[in-house]
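What follows is a set of notes on a single structure, which appears directly below.
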Amino acid sequence: MTFLAVDSQKSLFTIQKSQLQFEQTLVMNQANWVTKEMAYISQQYSDSGDDTNVDDDPYYITLQQQEEYLTTRQKALDTQI
C-alpha cells in the first residue's frame with residue numbers, strides 16, 4: 001500500500017515538473033518575441049533619423065515592462081523546477 005502512495009506521489013511530481021517546464025518554454029518564447037519586437041522598434045527609430053527617442057514610445061515602454069515581468073517569471077520557474 002505504501003508503495004502505491006509513493007509511486008502516485010512520484011507521478012504527481014513528474015506531472016507538475018512537466019507543467020512547469022511547459023510554462024517555462026512559453027515564457028521563453030514570449031520573452032524572445034518581446035526582445036525581437038523591441039529590436040525592431042529600436043531599428044525603426046534609428047533609421048528614421050529624427051530626434052525622437054525610442055524611450056518615449058509608449059509601446060516600447062510597455063514591451064520593456066513585459067520583458068522585466070517575463071524575466072522575473074523565468075527566474076521563479078527556474079527556482080521551482
Side-chain angles (χ1 to χ4, degrees):
M1 229 21 183
T2 304
F3 172 76
L4 291 176
V6 170
D7 193 47
S8 295
Q9 190 70 25
K10 182 181 175 186
S11 295
L12 178 62
F13 287 145
T14 302
I15 291 170
Q16 289 173 333
K17 181 179 178 184
S18 296
Q19 181 181 0
L20 288 171
Q21 288 172 332
F22 177 71
E23 185 176 352
Q24 183 181 38
T25 301
L26 292 176
V27 168
M28 287 172 52
N29 287 340
Q30 287 176 322
N32 287 337
W33 179 84
V34 166
T35 302
K36 287 178 184 177
E37 187 74 7
M38 289 173 65
Y40 173 76
I41 292 170
S42 181
Q43 184 66 40
Q44 293 294 342
Y45 271 91
S46 66
D47 288 348
S48 70
D50 295 349
D51 287 340
T52 55
N53 189 350
V54 72
D55 293 326
D56 296 332
D57 187 308
Y59 182 56
Y60 189 83
I61 293 168
T62 302
L63 289 174
Q64 283 179 320
Q65 292 169 345
Q66 188 174 5
E67 181 184 39
E68 289 172 13
Y69 166 76
L70 291 171
T71 301
T72 303
R73 185 68 187 133
Q74 179 69 35
K75 289 177 183 176
L77 288 168
D78 287 343
T79 302
Q80 289 177 342
I81 292 176

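Just so it is clear, the values below take in all heavy atoms, side chains as well, and ignore hydrogens, waters and symmetry mates.
Side chain of Asp57 to backbone of Tyr60: a donor-acceptor contact under 3.5 angstrom is found. For the pair Thr79 (side chain) and Lys75 (backbone), a donor-acceptor distance under 3.5 Å is present.
Tracing side-chain contacts under 4.5 Å through hydrophobic residues (I, L, V, M, F, W, Y), one reaches Tyr69 starting from Met38; they form part of the same cluster. Hydrophobic clustering of Ile, Leu, Val, Met, Phe, Trp and Tyr side chains at less than 4.5 Å, counting indirect connections, unites Val54 with Trp33.
The shortest non-hydrogen separation linking Leu20 to Leu77 is CD2-CD2, 3.7 Å.
For the atom pair CD1 (Ile61) and CG (Asp56), the distance works out to 6.5 Å, reported to the nearest 0.5 Å. Atom CG of residue Leu70 and atom CZ of residue Arg73 lie 10.0 Å apart, to the nearest 0.5 angstrom. To the nearest 0.5 Å, atoms OG1 (Thr71) and CE (Met28) are separated by 11.5 Å. Taken to the nearest 0.5 Å, the CD1 atom of Ile41 stands 12.0 Å off from the CD atom of Gln43. Going from atom OG1 of Thr14 over to atom CD of Gln19 covers 13.0 Å, rounded to the nearest 0.5 Å. Summarising the geometry, atom CD belonging to Gln24 is positioned 10.5 Å from atom NZ belonging to Lys17; distances are rounded to the nearest 0.5 Å.
Tyr40 and Gln44 form a side-chain donor-acceptor contact under 3.5 Å, judged by distance and modelled atom types alone.
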